[in-house]
There are 2 protein chains.
Amino acid sequence: MPSTPKKSAPLAAEPKTLVESAYRGLRRDIIEGHLAPGEKLRVEHLKENYGVGAGTLREALSLLIADALVVSQGQRGFRVAPVSLEDIADITNTRVMLECEALRQSIELGDDAWEGALLSAFHRLSKAEEKLGDPRTREEWEERNRLFHEVLISACPSRWIKHFLAILYHQAERYRRLSLYLQPIPRDVHGEHEALFKATMARDKEKASAIMAEHILTTLRSIQIIPAELLNKKSPEPASQSQG
Amino acid sequence: MPSTPKKSAPLAAEPKTLVESAYRGLRRDIIEGHLAPGEKLRVEHLKENYGVGAGTLREALSLLIADALVVSQGQRGFRVAPVSLEDIADITNTRVMLECEALRQSIELGDDAWEGALLSAFHRLSKAEEKLGDPRTREEWEERNRLFHEVLISACPSRWIKHFLAILYHQAERYRRLSLYLQPIPRDVHGEHEALFKATMARDKEKASAIMAEHILTTLRSIQIIPAELLNKKSPEPASQSQG
DNA sequence: ATTTATAAAAATCTCGAGAAAAGTTATTGA
DNA sequence: TCAATAACTTTTCTCGAGATTTTTATAAAT
C-alpha cells in the first residue's frame, strides 16, 4: 500500500533521497522502453547512468520489484520484467475486474465534490483529445487520461483496490508504449470517454462499468500486435537511458 | 509478480543470499507480531538481530514494502505497517472479490489432476482439524489451511490475481495472529471447509463462491475485536525478535 | 567433434565507515 | 512559565572496497 496518501506511487512524493531518484529514473526508463524487457540490469554499469552508488541502486531495484517491473533471481542479479501476450491479457482482464468494481463503488458513494472533480477532469481530457495527432501533445493527453481514470474511481473507499490498480496501470502503460510505434493515434477514444462520463454522471452503475470494461478491452486489442524485435532482450546489449 | 513460478513468495525459493534470509526473518517476525504494528525499524539495531550489514538489511526492508508489511517515509526510516479496522475490512472485502473470482475460474478450468490435488489437500486439512485444540498442532493446521485455499484456486490461470491474493493472505494472517490471543480456537471451520469442498467438487461455481465469501467474511468478524495494546506501537520500545 | 575439466574474467553480494538529516535536550530571553 | 534558539545525540542515507559466486574462455580427453 502507498505509504503516503498523496499519490498513487508506492513511495513518497518528491525525490528527497537518492534511492528514490534512482527509483524514479529506472521506472521511467523501463515503462518507456529505454530498458528493454528481459534485459539484464548490471549494477556496476547502471550506477553511472543514474549517478548513485551500488548499494543505492540495488535498493532502488528492490523497490521496483514491488511494481513487478523488475525481477531478481537468487544470486544472478536483476532483470527487467519480461513481457508476453498472456501477461498483457492477464493484466487487462484483472484490471477490468478491479476497475469496474471500483467504479461501481465510486458511483455509489461519490458526493458533489467528486462529481465536480470528474467534470473538470473530463473537460481537460476532452480539450487534449481535440488536438490529438500532434505528437507534442501526446504526453499531455497521457497524463490527463490517467487522471480521468483516477478521478472516476476516486470515491471508491478501498485503498487496496486502488493500490493494485495503480500497479496494473503502470504495467499496461509499458505495453501500450511498446506497441505505440505501430498505432500512433488511438481509435475513437473520445466517444468512449464521453459515454463513460455520461453514464457515470447519470449514476448508472451497470452501464458505466460495462462501458469501462469494453473501453479497457478495446485498448488491449489495439496492443496485441507487438513487433518481435521489441520483446525480451536477453543479450546484454547496452542501452542508453535518460538521467533523473 | 512472482519472479519464479515456484511459490507465492515474491522472491526466489530458498534463502541463498543474506538479503533473502533477512527478508524471511523480518517477514516472519512482522506477521507473527514480534515486531509490533507501527514500530520503528532502526537499521543499526536490527542488523545485529539478523546478523547482516546495514545495507543488506535496508535492502530486505525495501523488499518488504512490496508486501505492504513495511512502510518508509522520505528521510525518516522504516516502520512496520500500521493496522486499523478499516484496513482489515478492506483486505477482507478485496480478498473476497478476488478469491471468489479465482475460484470460479478454477472450477471452470480445473482438470482431473486438480481434483486429485484438491481431494488430497482437503483430506490433510480434515485430519489436522480433528486434533485441533492442541496448540502444538496449530502451525500445522495453519499451513494446511493455507495450502487448501491455494489448491482451490490453483487452476485459475491468472498469475496477477494469485499474486494479489498472496499479498492479501499474508496481510490477513497478520491480523489473525494479532487477535489469536482472544480466540484461540476457530468456530465450526471444518463444516465450512467441507461445504466449500463439496460445492467445488460438484463444479457448482456460484454456490462455491458464495460459501467462500461467507467463509472469509466470518473470519473477519471473529477478528474485528483486537485489544488496544496490540495496536500501532509508536514508541521505540525494543522488542525481541527471533533469529533466522 | 563433442564433452569434461580447468582457469580467468566479470558480476553479484556484502560490510564498515563517513556525510547529511532528523530528533532531543539544554539554554536563553521575554 | 512559555517560546525560540542552539548545541548535542541519534539515526538515516550513501559510498567504495573486498569476498563469493556465476559466467565465459581455454585447453585436454574420450
Side-chain angles (χ1 to χ4, degrees), chain A residues 3-4 10-26 35 38-65 70-81 233-239 241 243-244, chain B residues 3-4 10-26 35 38-65 70-81 233-239 241 243-244:
Chain A
S3 52
T4 59
L11 211 66
E14 275 146 45
K16 275 195 153 187
T17 70
L18 284 184
V19 169
E20 187 157 346
S21 165
Y23 166 78
R24 298 256 174 143
L26 278 165
L35 294 167
E39 185 176 339
K40 199 135 186 7
L41 296 169
R42 291 184 185 75
V43 174
E44 292 299 320
H45 295 194
L46 250 51
K47 65 181 219 182
E48 291 163 15
N49 290 323
Y50 298 94
V52 297
T56 304
L57 190 64
R58 284 182 63 83
E59 209 173 306
L61 289 168
S62 299
L63 250 17
L64 280 163
I65 293 179
V70 163
V71 297
S72 88
Q73 40 176 335
Q75 205 108 308
R76 241 161 274 152
F78 300 90
R79 297 190 98 96
V80 179
K233 195 172 294 184
K234 290 270 181 176
S235 53
E237 175 175 346
Q241 306 87 3
Q243 163 76 13
Chain B
S3 52
T4 61
L11 213 64
E14 276 147 42
K16 277 196 153 187
T17 70
L18 285 184
V19 169
E20 186 157 345
S21 165
Y23 166 78
R24 298 254 175 144
L26 278 164
L35 293 167
E39 184 175 341
K40 198 135 185 8
L41 295 169
R42 290 187 187 73
V43 175
E44 292 299 321
H45 294 195
L46 249 53
K47 64 181 216 179
E48 292 163 15
N49 290 323
Y50 298 94
V52 296
T56 303
L57 190 64
R58 284 183 63 83
E59 209 174 305
L61 289 169
S62 299
L63 249 19
L64 280 163
I65 293 179
V70 162
V71 297
S72 87
Q73 40 177 333
Q75 205 108 311
R76 240 161 272 153
F78 300 89
R79 300 191 94 96
V80 179
K233 196 172 291 184
K234 290 273 181 176
S235 53
E237 174 176 346
Q241 306 87 3
Q243 163 77 11

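Just so we're on the same page: letters track the sequence lines, and every chain starts at 1.
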Is [X] close enough to [N] that one of its side-chain N or O atoms is under 4.0 Å from OP1 or OP2 there?
X      : N       : answer
R42(B) : dT10(D) : no
K40(B) : dA22(C) : no
H45(A) : dA11(C) : yes
T17(A) : dT12(D) : no
T56(A) : dC15(D) : yes

Practice task
For the residue pair Y23(A) and E59(A), establish whether any side-chain heavy-atom pair is separated by less than 4.5 Å.
Solution key: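 Y23(A) does not reach E59(A) side chain to side chain.
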Problem - Non-hydrogen side-chain atoms of F78(B) and I65(B) separated by less than 4.5 Å - result: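 Yes, side chains in contact.
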How many whole angstroms separate atom [atom1] of [X] from atom [atom2] of [N]?
X      : N       : atom1 : atom2 : value
L46(B) : dC13(D) : CG    : P     : 14 Å
L61(A) : dC13(C) : CG    : C1'   : 13 Å
L57(A) : dA11(C) : CG    : P     : 14 Å
E44(B) : dA22(C) : CD    : P     : 18 Å
K16(A) : dC13(D) : NZ    : C1'   : 13 Å
E59(B) : dT14(D) : CD    : P     : 14 Å
Q73(B) : dA21(C) : CD    : P     : 17 Å
R79(A) : dT22(D) : CZ    : P     : 15 Å

Exercise for the section: Look at the side chain of V43(A) and decide which nucleotide, out of dT12(D), dC13(C), dT12(C), has an atom nearest to it. Expected result: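 So the nucleotide nearest the side chain must be dT12(C).
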Problem - L18(A) side-chain proximity, nearest of dT12(C), dC15(D), dC15(C) - result: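 It is dC15(D).
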Handout entry: Along DNA chain D (nearest heavy atom to each residue), the more 5'-positioned of R76(A) and K47(A)
Key =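 Final value for this comparison: K47(A).
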Practice task
Identify the heavy atoms of A60(B) and V19(B) that sit nearest to each other, and give their distance.
Solution key: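 Minimum heavy-atom separation between A60(B) and V19(B): CB-O, 3.7 Å.
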Handout entry: E44(A) to K47(A) - nearest heavy-atom pair and separation
Key =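 Shortest heavy-atom contact: O-CG, 3.4 Å.
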Practice task
Decide side chain to side chain contact (heavy atoms under 4.5 Å, CB included) for L26(B) and L57(B); before the verdict, give the C-alpha distance in whole Å, the side-chain angles of both, and the deciding distance to 0.1 Å.
Solution key: CA-CA 9 Å; L26(B) 278 164; L57(B) 190 64; 3.7 Å; yes
Exercise for the section: Remember a base hit wins even if backbone is also touched, and classify G55(A) as base, sugar-phosphate or nothing at under 4.0 Å, heavy atoms. Expected result: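 G55(A): no heavy atom of the nucleic acid under 4.0 Å.
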